[in-house]
Visitor: 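Questions regarding the structure given below will be posed in turn.
We count residues from 1, following the sequence as given.
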Amino acid sequence: MVIGVVGLGLIGGSIAVRLSKNHTVLGMDSNRESAEYALGKGIISRIADISEFKECDVVFVATPVNTTADCVREVFNAVGSDAVITDVASVKRILPGLSGARIVGGHPMAGTEASGIKAAKEYLFENAYYVLVSYEDTLPADYATVEGLVRELGARPVAMTAEEHDAQVAGISHMPHMVSYALASTPDDLSIAGTGFYDMTRIAGSDPSFWRNIMSLNRANILSAVDGFIGKLGEMRAALADCDYGRLEKLFEAGREKRVQLEKSRPHLDEYFISVDIKDEVGALERISGLLAAENINVSSISIANSREGTGGALRLGFRKKDDCGRAAAILKRSGYICDI
């Protein structure tokens, strides 16, 4: 097929680099340097003007969420009913009702704190949930076409209504970003912050202007999610204030059980992790990487914990495939390392 991608940032670039393996990909970005970089790296087949998207079978709109609706209109004005139009915005009730438009809503549940075409990854969507939304005029054949491309990305398509999607992401994505920003800005002194604080504030490294737009577009759902969080935190505060430590432990246990369920099901996660206990000495990393490389196991990410608070080890290894993660753990354990999955 001929695929169009409008917006060559992290998401659009990652879609282009993966689909370009099997399809012709036309790219467009308001930043000419981004488009030229994508062309030079073979991420897209050619840079196209919006009028050229008329030759596409499917056009992905991967522009910032606050511009998505307008961009979808512009693409429709250019291609009419000749191409399926799909987006990647994290709010789904924003798309316009355009007579004759072949629209399928989409939202890949994947990403990083990094942005821009240089952060694009071929395997960004591997094993990630990718929400697909049928609107009132969406044709089953068009939905099936986009679903097929989503599977080519390595993602897991999930059918939802726009209303269901926006309510769910408010609780699992939008509200947690607000919490992370608040937590990161609360302590006055971060000089001895350990891995627990780093983990909980990781997403506070995301672009504030991007999240401001998300908050404005999904305001009612996010307010409801924030109220729910405040209510739960209020229960914990009340138990602590009353010295009711039994009640506090039960509230902690309820949260822990949900976290355990999340780890077991691994929804919308594109990496699998091992925590390894290692000594802080020369050659420690090389020995571990050598063991795994000898078995042709690729490590997709490595992080070192300067504090072991709340973790099972000082080294965290990430893998794209669950089988690789399991094999790596077995190999390391046989070699005498203490590690947890």
Visitor: Hey, is the main chain of A141 close enough, under 3.5 Å, to the side chain of T145 for a donor-acceptor pair?
Guide: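 Here the side-chain-to-backbone pair exists.
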Visitor: Can you list the residues that meet the ring-ring contact (aromatic ring centres under 6.0 Å, His included) rule with H23, with sequence neighbours excluded?
Guide: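 ring-ring contact (aromatic ring centres under 6.0 Å, His included) check on H23 returns nothing, list empty.
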Visitor: Measuring from D29:CG to E36:CD, what's the distance to the nearest 0.5 Å?
Guide: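 Rounded to the nearest 0.5 Å, the CG-CD separation comes out at 11.0 Å.
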Visitor: Can you classify the ring geometry of H177 versus W211 as parallel (below 30°), tilted (30 to 60°) or perpendicular (above 60°)?
Guide: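 Taking W211 first and then H177, their aromatic rings lie parallel (interplane angle under 30°).
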Visitor: For E253, is there an ion pair with K250 - N to carboxylate O distance below 4.0 angstrom?
Guide: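 Not counted as a salt bridge, because no side-chain N and carboxylate O are separated by less than 4.0 Å.
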Visitor: Quick check against the 3.5 Å criterion: does R327 have a side-chain atom that pairs as donor or acceptor with the backbone of E295?
Guide: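 Yes, because the side chain of R327 sits within donor-acceptor range (under 3.5 Å) of the backbone of E295.
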Visitor: Within the distance-only criterion (no hydrogens, no angle test), does the side chain of S180 pair as donor or acceptor with the backbone N or O of M200 below 3.5 angstrom?
Guide: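 Yes, because the side chain of S180 sits within donor-acceptor range (under 3.5 Å) of the backbone of M200.
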Visitor: Quick one: are L26 and I44 in side-chain contact, heavy atoms under 4.5 Å?
Guide: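 No; the side chains remain at least 4.5 Å from each other.
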Visitor: Within this structure, what is the CG-CD1 distance for the pair L315 and I302, rounded to the nearest 0.5 Å?
Guide: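 The distance works out to 6.5 Å.
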Visitor: Check whether any side-chain heavy atom of D82 sits under 4.5 Å from a side-chain heavy atom of F53, and report yes or no.
Guide: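 Contact flag for D82/F53 side chains = no.
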Visitor: If the test is side-chain contact (heavy atoms from CB on, under 4.5 Å), which one of I338, D277, I288 qualifies with L332?
Guide: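 It is I288, the one option of I338, D277, I288 that forms the side-chain contact (heavy atoms from CB on, under 4.5 Å) with L332.
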Visitor: With the threshold set at 4.0 Å, does a side-chain nitrogen-carboxylate oxygen contact exist between R18 and E126?
Guide: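 Salt bridge flag = yes for E126 with R18.
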Visitor: For M236, which fellow cluster members are found when Ile, Leu, Val, Met, Phe, Trp and Tyr are connected by side-chain heavy-atom distances below 4.5 angstrom, either directly or through intermediates?
Guide: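 So far as hydrophobic clustering goes, M236 is joined with L240, Y245, L248, L251, F252.
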Visitor: Between CG of D166 and CD1 of I214, what distance do you get to the nearest 0.5 Å?
Guide: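 Here the interatomic distance stands at 9.5 Å.
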Visitor: To the nearest 0.5 angstrom, please state how far the CG atom of D207 sits from the CZ atom of R212.
Guide: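 Reported to 0.5 Å precision, the distance equals 8.5 Å.
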Visitor: Within a strict 4.5 Å, meaning less than it, do heavy atoms of the F319 and V299 side chains meet?
Guide: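 SC-SC contact between F319 and V299 confirmed.
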Visitor: Testing H174, R93, Q168 one by one against N221 for a side-chain contact (heavy atoms from CB on, under 4.5 Å), which residue passes?
Guide: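 By the side-chain contact (heavy atoms from CB on, under 4.5 Å) criterion, N221 pairs with just one of H174, R93, Q168: R93.
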Visitor: V61 and side-chain contact (heavy atoms from CB on, under 4.5 Å): which single residue from V72, V5, T67 fits?
Guide: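 Of the listed residues V72, V5, T67, the side-chain contact (heavy atoms from CB on, under 4.5 Å) partner of V61 is V72.
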Visitor: Salt-bridge test for R247 and E235: reply yes if a basic N is under 4.0 Å from a carboxylate O, no otherwise.
Guide: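 The answer is yes: the pair qualifies as a salt bridge.
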Visitor: Taking atom CG of D227 and atom CD1 of I222, what is their separation to the nearest 0.5 Å?
Guide: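 The CD1 atom of I222 is 12.0 Å from CG of D227, to the nearest 0.5 Å.
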Visitor: For T24 and V2, indicate whether the former's side chain and the latter's backbone hold a donor-acceptor pair under 3.5 Å.
Guide: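 No, T24 side chain to V2 backbone: no donor-acceptor pair under 3.5 Å.
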Visitor: Tell me, yes or no, whether the heavy-atom count around M215 atom CE, taken from other residues, nucleotides or ligands under 6.0 Å, exceeds 12.
Guide: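 Yes.
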Visitor: Report the distance from atom CG of D57 to atom CD1 of I3, rounding to the nearest 0.5 Å.
Guide: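 So the CG of D57 and the CD1 of I3 are separated by 6.0 Å.
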